[in-house]
Undergrad: 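Handing you a structure now.
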Protein chains: 2
Amino acid sequence: MGKKITIYDLAEQLHVSPATVSRSLNNHPSISTETKTKVVRAAQEAGYKVNKFAANLSKQKSNTIGVIVPKLNSAFMSTILAGVEKIANEAGYNLIISQSLESMEKEKMNAHALFQSGVDALIVSLAYDTSTYDHFSNFTKVGIPVLFVDRVYPMENCSTIVIDNQQAGHDATEHLIQQGCKNLLHVSGHLNRSIYAERLQGFKNAMAKHHMEFTDANLLESDLDPNSVGELINHLQQINGAIDGIFVSNDRFAASCIKELQKLHYKIPEDIKVIGFNNDSICELMTPTLSTIDYPGYQMGVLAAQGVIGHLNGNIDLLPANSISLRHRLVVRESSSND
Amino acid sequence: MGKKITIYDLAEQLHVSPATVSRSLNNHPSISTETKTKVVRAAQEAGYKVNKFAANLSKQKSNTIGVIVPKLNSAFMSTILAGVEKIANEAGYNLIISQSLESMEKEKMNAHALFQSGVDALIVSLAYDTSTYDHFSNFTKVGIPVLFVDRVYPMENCSTIVIDNQQAGHDATEHLIQQGCKNLLHVSGHLNRSIYAERLQGFKNAMAKHHMEFTDANLLESDLDPNSVGELINHLQQINGAIDGIFVSNDRFAASCIKELQKLHYKIPEDIKVIGFNNDSICELMTPTLSTIDYPGYQMGVLAAQGVIGHLNGNIDLLPANSISLRHRLVVRESSSND
DNA sequence: TTGTAGGCGTTATCAC
DNA sequence: GTGATAACGCCTACAA
């Protein structure tokens with residue numbers, strides 16, 4: 001059947017006022033345990049469900065967290081989401097998830113929609129081409145917390161959850177150098193996303209540290225789309241001096257690159273050593289297995305959710321923190337090893 | 001700032017009634033174009049946003065679709081989600097997404113929470129161990145459409161979106177046979193999920209068609225978790241008669257199996273041919289590249305969303321359809337080829 | 001400890 | 001074409 005039952009129905013049935021029912025159901029302190037249990041049981045039996053709209057309208061909060069990610073169907077993003085969902089769910093929060101498909105326009109629309117939906121907080125990982133950030137100030141202006149994860153932007157009053165991308169980039173690069181690579185290439189994502197810019201900086205730092213000169217030949221900026229591997233091949237052919245070590249800013253693309261290089265009869269790691277980024281599960285499934293930087297995506301999601309929920313509930317409040325940085329880890333596998 | 005502005009504010013400002021404002025904003029037919037534009041412009045300038053809670057409360061619908069998937073961080077599921085999100089977003093629907101983590105208990109809790117949240121429709125892909133389905137009848141009882149995708153269960157009044165798993169299983173198997181395999185093994189997921197049972201049936205059918213006798217040795221039921229590859233190796237050692245062709249019900253696990261077999265110095269495809277299922281992107285990144293069944297996950301997501309939204313809007317209504325079956329496709333790559 | 005009553009912001013049903 | 005007014009279901013001062 002489908003009769004909606006309300007607190008009024010319960011009140012009538014139990015000969016108490018709606019207010020008492022409401023308070024009992026919300027475990028209000030000033031209600032006798034007796035009536036409380038009575039009400040709760042009656043509600044149970046009657047199959048009562050709160051009407052969230054009414055409750056939200058009254059309380060002016062939705063118990064809902066909005067999430068915007070660039071792509072849903074990405075191993076890394078879905079890992080973050082899994083972490084966010086886990087925590088949000090445990091805390092009784094709903095998640096409204098949308099994807100920007102790497103487009104700032106779509107991201108704006110998503111932000112707008114989520115704002116209208118009355119989310120209590122927003123967790124964002126930015127699209128590739130996002131370059132203005134006004135669409136988030138609506139939220140901050142009315143006190144709705146906005147938290148950036150991974151693809152972040154340093155907005156006033158917004159926390160970010162990241163790893164130390166510069167250090168990670170440095171570590172990856174230094175590893176290649178220690179394996180004997182003399183002529184490095186860094187395949188980066190769009191440099192207006194800070195994570196990529198920082199990894200590049202780490203790459204440069206490591207080169208400098210080991211007295212290697214950085215030139216344009218050492219960098220290829222890419223959209224990291226599998227269809228763009230051709231650019232890598234072109235780049236390799238255009239520059240002189242054979243590249244013997246490549247640091248790719250993303251495992252999936254690294255995998256595509258390796259595959260393509262193998263087709264051209266390069267031997268990995270003998271001719272060229274490769275290291276990726278993320279520790280995607282494909283790393284272990286490829287041949288050779290792919291060295292990488294382990295990236296705690298799930299943890300980042302968990303922390304993001306805990307951050308906003310703690311803030312909303314007035315518990316441990318991470319949000320005043322400007323930035324929370326998690327630990328990364330170099331994972332050495334076959335693609336960068338000497339034997 | 002942060003002043004919430006309501007239709008009353010606009011009404012006052014424009015010297016009309018709140019009702020007129022509401023109607024104008026909703027483009028109600030019986031409002032003069034003149035006042036309509038006047039109101040709309042004023043709303044724009046004032047930065048007015050509808051309060052969804054109030055609107056939902058009044059309209060008794062939420063414009064929100066609930067989604068339950070087994071895991072967020074799975075390539076296939078996130079592909080389905082991407083399709084769902086695309087359509088839902090275009091149609092102005094929000095998505096509340098939750099994951100069951102392959103547990104019926106969690107699935108029940110998710111279903112409950114989504115019910116409470118007042119979703120207008122539910123899209124579900126079942127957990128591994130779900131064996132009762134009462135938690136969905138709450139929805140159907142009150143007329144909320146429930147649609148199953150991929151991991152389906154034939155509930156009364158619920159549509160399902162699937163592929164013809166039996167035919168697909170048959171096609172994969174027959175392909176191995178045509179490549180000369182004489183001694184087949186099917187690595188299946190839990191057989192209480194119909195998709196796996198059907199693929200197994202297809203496997204059996206193909207064997208029968210080619211006059212091969214099916215015995216227990218031809219089947220390994222697995223949880224398809226990478227950590228379970230050991231079971232495959234054990235199975236291979238226990239049975240007599242060398243397996244020369246394996247049909248694995250999932251690409252990720254197929255990849256893990258291949259990796260493990262290679263460690264044991266089996267040559268793929270020379271010694272053992274392997275075909276997976278899903279056409280995960282790893283198929284092309286592995287060595288050898290993995291033959292598989294292409295599975296239109298994105299399309300399934302799109303159709304699922306269109307199904308429920310069409311139904312809710314009273315447009316094209318797919319939901320009376322008991323089951324919608326999409327086309328699959330055999331993709332032959334190196335892992336099952338003779339040269 | 002419990003009840004009364006007003007408000008949350010919209011939509012919808014009547015009138016006019 | 002527009003305006004009152006009553007829902008929608010819940011929460012919460014304020015009273016009792």
Side-chain angles (χ1 to χ4, degrees), chain A residues 2-40 42-43 46-64 92 94 115-120 142-143, chain B residues 2-40 42-43 46-64 92 94 115-120 142-143:
Chain A
K3 213 64 276 123
K4 299 270 188 189
I5 135 152
T6 75
I7 54 174
Y8 289 96
D9 301 329
L10 293 176
E12 190 176 358
Q13 173 191 334
L14 296 170
H15 307 297
V16 295
S17 76
T20 305
V21 175
S22 172
R23 285 196 270 254
S24 300
L25 260 18
N26 291 307
N27 203 21
H28 189 96
S30 74
I31 290 280
S32 72
T33 331
E34 190 184 6
T35 50
K36 208 177 284 185
T37 53
K38 189 176 64 178
V39 170
V40 170
Y48 167 81
K49 320 274 179 197
V50 283
N51 180 318
K52 293 248 179 152
F53 308 138
N56 291 341
L57 176 58
S58 183
K59 285 188 302 196
Q60 302 284 50
K61 76 184 286 275
S62 67
N63 240 46
T64 296
N94 272 136
F115 187 70
Q116 300 249 87
S117 295
V119 295
D120 294 336
V142 298
Chain B
K3 222 47 292 119
K4 299 271 185 185
I5 134 151
T6 74
I7 54 173
Y8 287 97
D9 301 330
L10 292 176
E12 190 176 359
Q13 174 191 334
L14 296 170
H15 307 296
V16 296
S17 77
T20 305
V21 175
S22 172
R23 286 197 270 253
S24 300
L25 260 19
N26 291 306
N27 202 21
H28 189 97
S30 74
I31 291 280
S32 72
T33 331
E34 188 184 7
T35 50
K36 208 177 285 188
T37 53
K38 188 176 64 177
V39 170
V40 170
Y48 167 82
K49 318 273 179 199
V50 282
N51 180 319
K52 291 248 180 154
F53 308 138
N56 291 341
L57 175 59
S58 186
K59 284 189 301 194
Q60 303 282 50
K61 76 184 287 275
S62 68
N63 240 46
T64 296
N94 272 134
F115 186 70
Q116 300 249 86
S117 295
V119 295
D120 294 337
V142 298

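For the numbers below, each heavy atom of this structure counts, side chains included, while hydrogens, waters and symmetry mates do not. The shown structure was predicted, so the numbers you read here are calculated from the model rather than taken from an experiment. To find a chain, count down the sequence lines: A is the first, B the second, and so on, and within it residues start at 1.
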Undergrad: Phosphate oxygens OP1/OP2 of dT2(D): is one of them under 4.0 Å from a side-chain N or O of Ser17(B)?
TA: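 Answer is no, no contact under 4.0 Å.
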Undergrad: Describe the nucleic acid contact of Ala55(B) in one word from base, sugar-phosphate, nothing, applying a heavy-atom distance below 4.0 Å.
TA: sugar-phosphate
Undergrad: Lys61(B) and Asn56(B): side-chain donor and acceptor closer than 3.5 Å?
TA: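 Asn56(B) and Lys61(B) do not have a side-chain donor-acceptor pair below 3.5 Å.
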Undergrad: Donor-acceptor pair, Thr37(B) side chain versus Glu34(B) backbone, under 3.5 Å?
TA: yes
Undergrad: For Phe53(B) and dG9(C), what is the distance between atoms CZ and C1' respectively, to the nearest whole Å?
TA: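 Distance, rounded to whole Å: 11 Å.
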Undergrad: From the set dT10(C), dT12(D), dT2(D), return the single nucleotide nearest to any side-chain atom of Ser30(B).
TA: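 Closest nucleotide among those given: dT2(D).
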Undergrad: Please determine whether a side-chain nitrogen or oxygen atom of Gln60(A) lies at a distance below 4.0 Å from atom OP1 or OP2 of dG9(C).
TA: yes
Undergrad: Does Ser117(A) use its side chain to pair, donor to acceptor, with the backbone of Val119(A) at less than 3.5 Å?
TA: no
Undergrad: Assign each of Ala54(B) and Pro29(A) to its nearest nucleotide of DNA chain C by heavy atoms, then name whichever residue's nucleotide is nearer the 5' end.
TA: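 Its nucleotide being nearer the 5' end, the pick is Pro29(A).
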Undergrad: Which atom names give the shortest non-hydrogen contact between Gly118(A) and Phe53(B), and what distance separates them?
TA: O-CZ, 3.8 Å
Undergrad: Establish, with yes or no, whether the OP1 or OP2 oxygen of dG9(D) is under 4.0 angstrom from a side-chain nitrogen or oxygen of Ser22(A).
TA: no
Undergrad: I need the CG-C1' distance between Leu14(A) and dG3(C), as an integer number of Å.
TA: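 Result: 15 Å.
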Undergrad: Rounded to whole Å, please give me the gap between CD1 in Ile31(B) and C1' in dT2(D).
TA: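 Interatomic distance, CD1 of Ile31(B) to C1' of dT2(D): 6 Å.
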Undergrad: Among dT10(C), dC10(D), dT2(C), find the nucleotide with the atom closest to the side chain of Thr35(A).
TA: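 Among the listed nucleotides, the one closest to the side chain of Thr35(A) is dT2(C).
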Undergrad: Is any side-chain nitrogen or oxygen of Asn26(A) closer than 4.0 Å to OP1 or OP2 of dC11(D)?
TA: yes
Undergrad: Provide, to the nearest angstrom, the distance between the NZ atom belonging to Lys59(A) and the P atom belonging to dG9(D).
TA: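 Atom NZ in Lys59(A) sits about 17 Å away from atom P in dG9(D).
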Undergrad: Side-chain N or O of Tyr8(A) versus OP1/OP2 of dC11(D): is the shortest distance under 4.0 Å?
TA: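 So the side-chain polar atoms of Tyr8(A) never come under 4.0 Å of the phosphate oxygens OP1 or OP2 of dC11(D).
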Undergrad: Expressed as a whole number of angstroms, how long is the span from Ile7(B):CD1 to dG3(D):P?
TA: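 Interatomic distance, CD1 of Ile7(B) to P of dG3(D): 12 Å.
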Undergrad: Could you state the NZ-C1' distance from Lys52(B) to dC8(D), rounded to the nearest angstrom?
TA: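 After rounding, the gap between these two atoms is 18 Å.
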Undergrad: Verify, without hydrogens or angle tests, whether Asn94(A) (side chain) and Thr64(A) (backbone) share a donor-acceptor contact under 3.5 angstrom.
TA: no
Undergrad: Could you walk me through whether Asp9(A) and Tyr48(A) pass side chain to side chain contact (heavy atoms under 4.5 Å, CB included), step by step?
TA: CA-CA 9 Å; Asp9(A) 301 329; Tyr48(A) 167 81; over 6 Å; no
Undergrad: Output the rounded distance in Å from NE2 (His28(A)) to P (dC10(D)).
TA: 18 Å
Undergrad: Examine distances only and state if a side-chain atom of Asp120(B) and a backbone atom of Asn63(B) form a donor-acceptor pair shorter than 3.5 Å.
TA: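 It does hold such a pair.
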Undergrad: End-to-end bend of the helix from dT1(C)-dA16(D) to dC16(C)-dG1(D) (five-pair axes, 10° rounding)?
TA: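 About 40°, once rounded to a multiple of 10°.
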Undergrad: For Asn63(A) and dC11(D), what is the distance between atoms CG and C1' respectively, to the nearest whole Å?
TA: 15 Å
Undergrad: So which one's nearest nucleotide on DNA chain D is more toward 5', Lys49(A) or Arg23(A)?
TA: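 So the residue in question is Lys49(A).
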Undergrad: Need to verify one output field. Residue with the more 5' nearest nucleotide on DNA chain D, Ser58(B) or Val21(B)?
TA: Val21(B)
Undergrad: Could you work out which one of dA4(D), dG9(C), dT12(D) sits closest to the side chain of Ala19(B)?
TA: dA4(D)
Undergrad: What's the shortest heavy-atom distance between Val50(A) and Gln116(B), and which atoms?
TA: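 The pair with the smallest heavy-atom distance is N-OE1, 3.9 Å.
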